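Read through the structure below, which is laid out as structure tokens, and then see the notes.
All figures in this text were calculated on a predicted structure; none of them were measured in a lab. Counting convention: from 1, in listed order, for ligands and their atoms alike. Values below: every heavy atom of this structure, side chains too, minus hydrogens, waters and symmetry copies.
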Amino acid sequence: MKSANSTMSSLGTTVFEVMSALAREHSSVNLGQGFPDDKGPEAVRAAAADYLLTGHNQYPPMMGLPELRQAVAEHAKRFQGLDIDWQTEVLVTSGATEALGDCLFGLIEPGDEVVLIEPLYDSYLPIVRRAGGVPKLVRLEPPGWSLPRQQLAAAFSDRTKLILFNTPMNPCSKVFDRAELEFIADLCRRHDAYAVCDEVYEHIIFDAHRHLSIMGLPGMRERAVRIGSAGKSFSLTGWKVGYVTANAELMKPIAKTHQFMTFTTPPNLQWGAATGLRLDDDYFDTLAADMQRKRDRLAEGLSAVGFDVLPAHGTYFVTTDFRPLGFNGTDEDFCRHITVKAGVTAVPVSAFYDEPHAAPRHFARFCFCKHDATLDSAIDRLSQHFGR
Ligand code: PMP
Ligand code: GLN
């Protein structure tokens, strides 16, 4: 038999699937894969349910329901001050994952260089490589995860087609500030490169941090692609409704990819997402405040157990250093160990690196977007196990 595609065949199963399966097998409290246990806003679910029963459940327009595209444009104006033409500059996708695939397949020509920042979300590298891109990786170092400007500048060249990055950033919970975004924007302008920015956690942001889209910086309106997800903004990760915003020219190859990947996304879920994006500011403020409170609850609990908990400025996650607990083994060993022996699941941070073996191996990522009772039960189990 002929061999299948080598890039895809060489991949393992994603860490989220592996750890969630292990969590189910051991009935552990799953703080690995990032999904809330809240049901999500009722108005959003009711809108989707109502549309399912009474709406038009046939192929929606390829770019997405007009109501959702309009809502995405209004939302960009409200939160980022961006003027977006909903007809030519917004595309609805089946999750941010499809959006990322559409952008990478639509923009990369084989041999193009693509700058990426480690630690990174696990779908990025396989798709960049499958699209024929040549990854140029730049690493953020814990515990500050600050942007290594010299290395980043050195990673850019005239062969750079684009930089793909994520803010607020999974897994290290960093939020890029204006100065860092300006530095990236300057490199993009100087090297005639695009910036594809994964902004799925734009509303899960804490303390005094504010989400800034690189698209709003001078000269970036034409060069930036912004990706959002209803899964994250409305605590409905199973819906897989994403949206891409880009200038009309840049959108064309991205939309061409979407038309042959999925073509459309379930219309009732698009309708629900439109309702969500139009919720008032109070909804978005409360979402961030609730998540911040959960972050604090889990972080305090994990510190009391003995973990060294790194600061988390956004996303669903806290990164922890487990060495103070005296565990001798890798992060993968640790996450398996606590799943099986303590009944709590986390994910190893080395899974967010191109070469896990050459990555830091002493960090576990815990997810806090859970009910208080779930977080407390995880802390109780860990305290008992580690004797605190
Ligand atoms: N990007 C990041 C950084 C993520 O954490 C996730 C996780 N869901 C995604 C993209 C994918 O989003 P979606 O579920 O909308 O496909
Ligand atoms: N984004 C989620 C996380 O980082 C997982 C998404 C997935 O399972 N593919 O945990």
Side-chain angles (χ1 to χ4, degrees), residues 11-24 30-37 40 44 64 68 72 91-104 116-128 140 145 164-176 196-205 211 225-245 258 261-262 265-266 269-270 272-273 276-277 291 298 312-319 335 345-353 363-370:
L11 299 171
T13 302
T14 153
V15 69
F16 307 116
E17 184 69 17
V18 170
M19 294 314 293
S20 282
L22 197 68
R24 281 191 293 273
N30 188 358
L31 303 186
Q33 190 179 33
F35 59 92
D37 53 8
V44 175
L68 178 52
V72 169
L91 169 73
V92 177
T93 59
S94 292
T97 310
E98 190 217 317
L100 285 158
D102 294 344
C103 292
L104 298 172
L116 300 127
I117 301 179
E118 281 185 317
L120 37 62
Y121 187 59
D122 73 341
S123 77
Y124 295 1
L125 275 170
I127 303 295
V128 166
L140 304 185
W145 310 107
L164 166 58
F165 72 104
N166 171 219
T167 181
M169 187 171 171
N170 179 9
C172 63
S173 313
K174 170 192 175 69
V175 173
F176 285 70
V196 176
C197 190
D198 176 344
E199 304 180 23
V200 300
Y201 297 103
E202 62 189 320
H203 291 295
I204 321 283
I205 191 158
H211 177 69
V225 182
R226 165 172 144 84
I227 296 173
S229 168
K232 302 298 185 300
S233 292
F234 309 112
S235 304
L236 296 162
T237 60
W239 275 25
K240 300 296 282 187
V241 177
Y243 13 88
V244 180
T245 307
H258 163 76
M261 280 292 180
T262 57
T265 295
L269 302 182
Q270 294 195 46
L277 288 171
M291 289 295 171
L298 185 66
H313 303 309
T315 78
Y316 288 159
F317 313 110
V318 280
T319 298
C335 292
T345 298
V347 293
V349 169
S350 62
F352 296 81
Y353 288 80
F363 292 121
R365 189 199 77 173
F366 288 87
C367 164
F368 51 74
C369 55
K370 304 291 184 187

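- By the salt bridge (Lys or Arg N to Asp or Glu O under 4.0 Å) test, Glu199 is found to be paired with Arg226, residues two or more places apart in sequence or in another chain being considered.
- For the atom pair CZ of Arg24 and CE of Met19, the computed distance is 11.5 Å after rounding to the nearest 0.5 Å.
- For Phe363, the ring-ring contact (aromatic ring centres under 6.0 Å, His included) test picks out no residue, with sequence neighbours left out.
- With rounding to the nearest 0.5 angstrom, the CZ atom of Phe16 is 9.0 Å from the OG atom of Ser123.
- With rounding to the nearest 0.5 Å, the separation of NZ in Lys240 from OG in Ser229 is 7.0 Å.
- Protein residues with a heavy atom under 4.0 Å from ligand 2 are Phe16, Gln33, Gly34, Tyr121, Asn170, Tyr201, Phe317, Arg365.
- Ligand 1 lies under 4.0 Å from heavy atoms of Gly95, Ala96, Thr97, Tyr121, Asn166, Asn170, Asp198, Val200, Tyr201, Ser229, Lys232, Lys240.
- The shortest side-chain heavy-atom distance between Thr14 and Val18 does not fall under the 4.5 Å cut-off.
- No side-chain donor from either of Tyr201 and Asn166 sits under 3.5 Å from a side-chain acceptor of the other.
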### Message
With side chain to side chain donor-acceptor pair (under 3.5 Å) as the criterion, how do Asn30 and Ser20 come out once you've worked through the C-alpha distance, each side chain's angles and the decisive distance to 0.1 Å?
### Response
CA-CA 7 Å; Asn30 188 358; Ser20 282; 3.0 Å; yes
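- With respect to Met291, the side chain to side chain contact (heavy atoms under 4.5 Å, CB included) criterion is satisfied by exactly one of Ile205, Ile204, Thr315: Ile204.
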